[in-house]
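Everything numeric here is computed off the predicted structure, so don't read it as measured data. Chain A is the first sequence line, chain B the second, and so forth, proteins listed ahead of strands; every chain is numbered from 1.
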Amino acid sequence: MKPVPDQTFYVTTPIYYVNDAPHIGHGYTTVMGDIITRWHRQRGEDVWYLTGTDEHGLKVLRKAEQNGMTPQEWADRLIETEWMPLLETIDVANDDFIRTTEERHLVGSKAFWQDLYDRGAVYKGEFSGWYSVGAEEFVGDDDVLDGEGEDEGFKVSALDGSRLEHVTEENYFFKLSEYQQALLDLYEQNPDFIQPASARNEVISFVQRGLKDLSMSRSTFDWGIQVPWDEKHVMYVWIEALLNYVTAIGYGTDQDAFEKRWPASIHLVGKDIARFHAVIWPAMLMAAGQPVPHQVFAHGWLLVGGQKMSKSKANGIRPDEIVGTFGSDAYRYYFARAITFGSDGSISWEDIHARYHAELANGFGNLASRVASMIGSYFDGSLPAAGELTDAEQRVVGTIESAVADADAAIEAVAPQDALAAIWRVVDELNGYLTEQAPWKVAKEEGQRERLATILVTAAEGLRALAVLLNPVMPKACASLWESLGAEPALGNLADQRIADVARWGQLPEGTTITKVPSLFPRIET
RNA sequence: GGGGAGGUAGCUCAGCCGGUCAGAGCAGAGGACUCAUAAUCCUUCGGUCGUGGGUUCGAGCCCCACCCUCCCCA
């Protein structure tokens, strides 16, 4: 297969398992992908951002039964009441949302499996061993322990403590073992295929130890997609779920669309599932004769008090709670700024609160407020014409130019935290610039109208740049700022502003109406 | 048992291939200013860079051992 130039910047999140309601980790991954894709859209690229839900498997089936529903009803309800609203809550602009119970996924998955079968990558065998319903995973004999306490009398998994069930059934197997060398070559030739380095090391050492063929179907229950050549089997949920990345864009249903978007540019995943995406998934694609994705990017855990956040530890912070208090923009900003994407990161309510006030309210929001206010009182809200730019203005221009370049490079490197750090140099520069130039003093001096105008126009242009650069991260606040700057009549929609054009000076025309709008980030009294 | 990541100011973290690398933000202290969301700006306090060795003209950054945390594998 020859590499084809990408027509589309295609990013995916994992599809989320619908046995429960979303938690902050889901929101985190989805928001980071949203920030990256919004930035790429503002670069003028053709972008496709996919997220969705994984709805098959024994765990969902049982959860539904416990609640007296069919699995389809259960999934429908959770999608309706929890998962779709989450996207709204955290303000995600995904292009598509796939559910694995949709027809396109059924058809596409069957087509993919048939391809695997026709190419001889699949054989029938018998599996006898332990299965964890909780993790939807087969567990090797070495990892089976006797349960204690509540699990007395049961076998449990050494991996995650979940209860195991012994199963003996006829399964179809995928010849994963044949792809060891091809995978190692892939990692070798494409160092960025699995990032960051910690995940890459782990995956490589795992593959180097050798790969076993993978049981890829189940025959003891039927909540899944039927194997096309054998209706007694349904696809193993993990294998089937991975296929969403191709079925959503037309594999088996719309070949032109598929070829346009595949391969994916980045699969965003949590580090716990990096292996499925960096080992099994590329092997399956190779087996089916398809190109592999460009990158699997594994992010870290969110830690609260040094511990991985989870419901069972009762240290969880709910996404809607953060958004309810600080707003979706702050939620998005916080996770992008405070955590090095790819590493574990500590989060806390106190930290969110502190950064909200120090960085968003005092830093950015107040800047927008003071500029609009001064243009309002000194020029009746009508942007004046700037005079000669002095060194001070040139410094502001230079800061913006370098911030744009650095931020763009950071996004390219999947490092939103660095992009925000670069952009924030503009916020700090402008606040310092205003204090130094003291336009409120200049306003009182005779014959200094032009100088006053130059200062405020410079500040307004700086805000214009910030609105564009921060729009991928904080679309609501930036829309409000865009409105405050009266930019739309002359410049058009905020989302249509191009990154490459941000630093070009003097885009806001003389006479633009600047209005004071409600605070971008009002202080939150607690 | 093997392997990986990390242990840097009170807190959260940057520090690429060894030579302004001892940093940033927040918090603390002092000052300036008043356009602004009791906001802004400046100055300042603060660390023997996990421990002990070693290599080097020179080491958070390389090597060895050890301690602690997390993860993967067995």
Please determine if a side-chain N or O atom of [X] lies less than 4.0 Å away from the OP1 or OP2 oxygen of [N].
X	N	result
A:Lys516	B:C35	no
A:Arg275	B:C73	yes
A:Arg523	B:A39	yes

Original post:
Is A:Asp91 paired with A:Lys476 through a side-chain N to carboxylate O contact shorter than 4.0 Å?
Top reply: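 Result for this pair is yes, salt bridge flagged.
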Tell me which nucleotide, if any, is Watson-Crick or G-U wobble paired with B:C21 when both distances must be under 3.5 Å.
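By the stated definition (distances under 3.5 Å), nothing pairs with B:C21.
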* **Assigned partner base of B:U69, Watson-Crick or wobble definition, under 3.5 Å** =>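 Pair assignment: B:U69 / B:A5.
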Students often get this wrong, so: under 4.0 angstrom with heavy atoms, is A:Ser373 touching a base, only sugar-phosphate, or nothing?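 Counting heavy atoms under 4.0 Å across all strands, the contact made by A:Ser373 is with sugar-phosphate only.
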Exercise for the section: Give one of base, sugar-phosphate or nothing for A:Leu520, where a contact means two heavy atoms less than 4.0 Å apart. Expected result: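 If one applies the 4.0 Å heavy-atom cut-off, A:Leu520 turns out to touch a base.
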For B:G60, glycosidic torsion class - syn if within 90° of 0, otherwise anti
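Syn, which is what one calls it when the glycosidic angle falls within 90° of 0.
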Practice problem: Working to the nearest 0.5 Å, report the span between CG of A:Asp329 and OH of A:Tyr331. | Solution: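 Going from the CG atom of A:Asp329 to the OH atom of A:Tyr331 covers 13.0 Å.
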Distance from A:Phe364 atom CZ to A:Ile423 atom CD1, nearest 0.5 Å?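 Output value for this atom pair is 10.0 Å.
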Sequence neighbours excluded, which residues qualify as salt bridge (Lys or Arg N to Asp or Glu O under 4.0 Å) partners of A:Asp406?
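Scan of A:Asp406 (salt bridge (Lys or Arg N to Asp or Glu O under 4.0 Å), adjacent residues dropped) gives A:Arg425.
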Please produce a list of atom pairs where a protein N or O lies less than 3.5 Å from an N or O of nucleotides 6-16 of chain B.
unit_1, atom_1, unit_2, atom_2, d
B:C13, OP1, A:Ser346, N, 3.2
B:C13, OP1, A:Ser346, OG, 3.1
B:A14, OP1, A:Thr340, OG1, 3.1

A:Arg449 to A:Phe379 six-membered ring, cation-pi geometry met (6.0 Å, 45°):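 Pair A:Arg449/A:Phe379 counts as cation-pi.
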_With hydrogens left out and only the distance checked, is there a donor-acceptor pair under 3.5 Å joining A:Asn366's side chain and the base of B:A39?_
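Counting by modelled atom types and ignoring angles, no donor-acceptor contact under 3.5 Å is found here.
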